[in-house]
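Worksheet: one structure, shown below.
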2 protein chains.
Amino acid sequence: MAQTRNKFDFEDLLDKHHLKKTSPRLRVLSMMASKSTATSQPDLESVMNDIDRVTLYRILNAFEEKGIIHKVFDLNGTANYAMCSSNCEEHHHHDEHLHFNCTMCKNVYCLDDLHLPPVTLPEGFTTQGFTLYANGTCPKCTKKAAATAKV
Amino acid sequence: MAQTRNKFDFEDLLDKHHLKKTSPRLRVLSMMASKSTATSQPDLESVMNDIDRVTLYRILNAFEEKGIIHKVFDLNGTANYAMCSSNCEEHHHHDEHLHFNCTMCKNVYCLDDLHLPPVTLPEGFTTQGFTLYANGTCPKCTKKAAATAKV
DNA sequence: ATTCAATTGCAATATTATTGCATTTAAAAT
DNA sequence: ATTTTAAATGCAATAATATTGCAATTGAAT
Ligand SMILES: [Mn+2]
Ligand SMILES: [Mn+2]
Ligand SMILES: [Zn+2]
Ligand SMILES: [Zn+2]
């Protein structure tokens with residue numbers, strides 16, 4: 001379940017990062033925060049069809065740089081964006097959680113509380129960060145499939 | 001180090017998958033097999049600039065479907081392709097190894113022998129496969145950086 | 001109220017990917 | 001060895017995704 005945030009939270013968030021409180025930005029924030037899954041670039045674009053596509057790209061890039069959102073590529077290489085729940089800083093993300101990509105509904109879930117087990121890399125490789133991806137069926141789609149099978 | 005394969009291996013490989021042994025396909029195979037890292041679509045295209053870009057896309061898709069190569073997206077969302085070392089079957093890959101993306105040289109390494117630790121998903125999620133990504137500095141770039149620092 | 005830098009919108013361009021169709025070619029059939 | 005055929009390629013057109021430059025607009029500071 002996504003954290004419920006109000007208008008003022010978003011305004012504070014933009015203030016904190018020295019970003020001007022504009023209508024496009026506030027709308028993008030409230031859309032992304034209202035969902036429990038990541039938002040794909042195409043989705044964002046079709047929902048916010050009155051905002052220029054270039055503006056959307058620039059908003060997403062700015063938010064990502066500031067550590068407000070993070071980008072995830074799904075199994076098809078489509079860019080998806082989700083709020084950073086943890087304490088991501090400017091140019092320094094900490095989103096080392098599991099990204100679950102449902103092959104039925106295509107949704108990308110950020111499973112935040114799933115900590116990654118430690119991995120030892122071969123000699124010579126030094127790592128800055130990890131991301132674990134999984135694909136399969138999400139709870140909603142599992143239920144849906146079960147219901148259809150019954151009939 | 002990539003396994004050295006000769007022309008006959010590639011012809012056998014194509015035969016095995018009921019794919020015609022054509023010049024473009026053999027060239028793509030030998031290029032990919034000669035490298036220890038994955039090959040990006042742009043790289044492939046610039047090296048094989050005499051092969052039509054559509055043909056390249058179709059070759060890559062065919063190889064992926066047959067389980068000859070697998071696709072990896074790097075940190076920038078660019079498609080990269082690498083030989084399947086394990087026993088991948090048609091429409092059923094088993095490439096659950098670590099993908100290391102060097103932030104300096106942008107190369108993607110398939111670290112095959114690195115087994116993923118088991119992860120337990122939250123209730124309701126059923127998984128078909130995992131992929132672990134890491135980013136950081138590869139051995140070559142680490143050495144290069146050390147050499148530059150000395151001077 | 002005025003000023004100014006940040007942000008947006010628009011036009012042009014670049015990059016990556018897909019589709020339809022005519023031509024070519026590897027492999028099978030004769 | 002020739003003919004036949006399905007598979008594969010190349011080309012043209014189009015779609016989808018992303019970036020850049022610049023003029024107009026607007027939020028926030030003065
Ligand atoms: Mn996430
Ligand atoms: Mn791999
Ligand atoms: Zn689903
Ligand atoms: Zn490197």
Side-chain angles (χ1 to χ4, degrees), chain A residues 7-8 10-31 38-66 68-81 90 106 108, chain B residues 7-8 10-31 38-66 68-81 90 106 108:
Chain A
K7 188 186 158 199
F8 301 104
F10 300 137
E11 298 197 345
D12 288 352
L13 191 57
L14 292 177
D15 258 344
K16 184 179 140 193
H17 292 285
H18 310 293
L19 294 171
K20 280 164 56 164
K21 295 164 236 164
T22 67
S23 156
R25 283 177 177 164
L26 289 167
R27 286 172 60 197
V28 168
L29 281 181
S30 79
M31 165 167 178
T39 307
S40 72
Q41 187 278 328
D43 265 18
L44 196 70
E45 202 175 306
S46 69
V47 171
M48 313 254 172
N49 50 37
D50 55 324
I51 303 178
D52 191 85
R53 89 183 350 286
V54 178
T55 301
L56 287 178
Y57 280 115
R58 288 196 271 229
I59 289 176
L60 292 172
N61 286 337
F63 285 2
E64 196 187 5
E65 277 186 2
K66 295 291 186 177
I68 298 174
I69 64 175
H70 63 281
K71 190 199 280 200
V72 196
F73 293 103
D74 66 20
L75 293 171
N76 303 309
T78 304
N80 285 254
Y81 297 88
E90 189 153 353
K106 311 296 176 196
V108 175
Chain B
K7 189 187 158 199
F8 302 103
F10 299 138
E11 299 198 344
D12 287 352
L13 192 58
L14 292 176
D15 258 343
K16 184 179 141 193
H17 291 287
H18 310 293
L19 294 171
K20 285 173 34 172
K21 294 162 238 165
T22 66
S23 157
R25 282 177 177 164
L26 289 167
R27 286 172 60 197
V28 168
L29 281 180
S30 78
M31 166 167 178
T39 307
S40 73
Q41 188 278 328
D43 265 16
L44 197 69
E45 202 174 305
S46 69
V47 171
M48 312 256 173
N49 49 36
D50 54 325
I51 304 177
D52 191 87
R53 87 183 350 284
V54 178
T55 301
L56 287 178
Y57 280 115
R58 287 196 272 230
I59 288 176
L60 293 172
N61 287 336
F63 286 1
E64 196 187 4
E65 278 186 2
K66 295 291 186 176
I68 298 174
I69 63 175
H70 62 281
K71 190 199 281 201
V72 196
F73 294 102
D74 66 19
L75 293 171
N76 304 308
T78 304
N80 287 68
Y81 298 88
E90 189 153 354
K106 311 296 176 197
V108 176

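When reading the values below, keep in mind they use all heavy atoms of this one structure, side chains included, and skip hydrogens, waters and symmetry mates. So that the names make sense, note that chain A is the first sequence line, chain B the second, and so on, each numbered from 1.
- When the P atom of C:dA5 is taken as reference, atom NZ of A:Lys20 falls 11 Å away, rounded to whole Å.
- The side chain of B:Thr22 places an N or O atom within less than 4.0 Å of a non-bridging phosphate oxygen (OP1 or OP2) of D:dT9.
- Going from atom CG of B:Asn76 over to atom P of D:dT19 covers 10 Å, rounded to whole Å.
- Note on B:Gln41: only backbone sugar-phosphate atoms sit closer than 4.0 angstrom, heavy atoms only; bases stay farther off.
- For B:Asn61, whose side chain is taken as the heavy atoms from C-beta onward, the closest listed nucleotide among D:dT17, D:dT26, C:dT18 is C:dT18.
- Rounded to an integer number of Å, the gap from B:Asn49 CG to D:dG10 P is 12 Å.
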**Request:** Report the C-alpha separation of B:Asp50 and B:Arg27 in whole Å, then their side-chain angles, then the decisive distance to 0.1 Å, and conclude whether the salt bridge (Lys or Arg N to Asp or Glu O under 4.0 Å) test is met.
**Result:** CA-CA 11 Å; B:Asp50 54 325; B:Arg27 286 172 60 197; 3.0 Å; yes

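- Side chain of B:Asp52 to backbone of B:Val54: a donor-acceptor contact under 3.5 angstrom is found.
- Taken to the nearest 0.5 Å, the CG atom of A:Leu75 stands 10.0 Å off from the NZ atom of B:Lys71.
- For the pair A:Leu19 and B:Lys21, both in contact range of DNA chain C, the more 5′-proximal nearest nucleotide belongs to A:Leu19.
- In this structure, B:Arg25 reaches the D:dA8 phosphate: one of its side-chain N or O atoms is under 4.0 Å from OP1 or OP2.
- In terms of position along DNA chain D, the nucleotide closest to B:Pro24 lies nearer the 5' end than the nucleotide closest to the other residue of the pair B:Pro24 and B:Arg53.
- Both B:Ser23 and B:Ala79 lie close to DNA chain C; mapped to their nearest nucleotides by heavy-atom distance, the more 5′-ward contact belongs to B:Ala79.
- Distance, B:Leu26 CG to C:dT25 P: 15 Å, rounded to whole Å.
- The base of C:dG9 is paired with the side chain of A:Arg58 by a donor and an acceptor separated by under 3.5 Å.
- At distances below 3.5 Å, at least one donor-acceptor pair connects side-chain atoms of B:Arg25 with backbone N or O atoms of B:Lys20.
- A straight line from CG of A:Leu44 to P of D:dA16 spans 17 Å, rounded to a whole angstrom.
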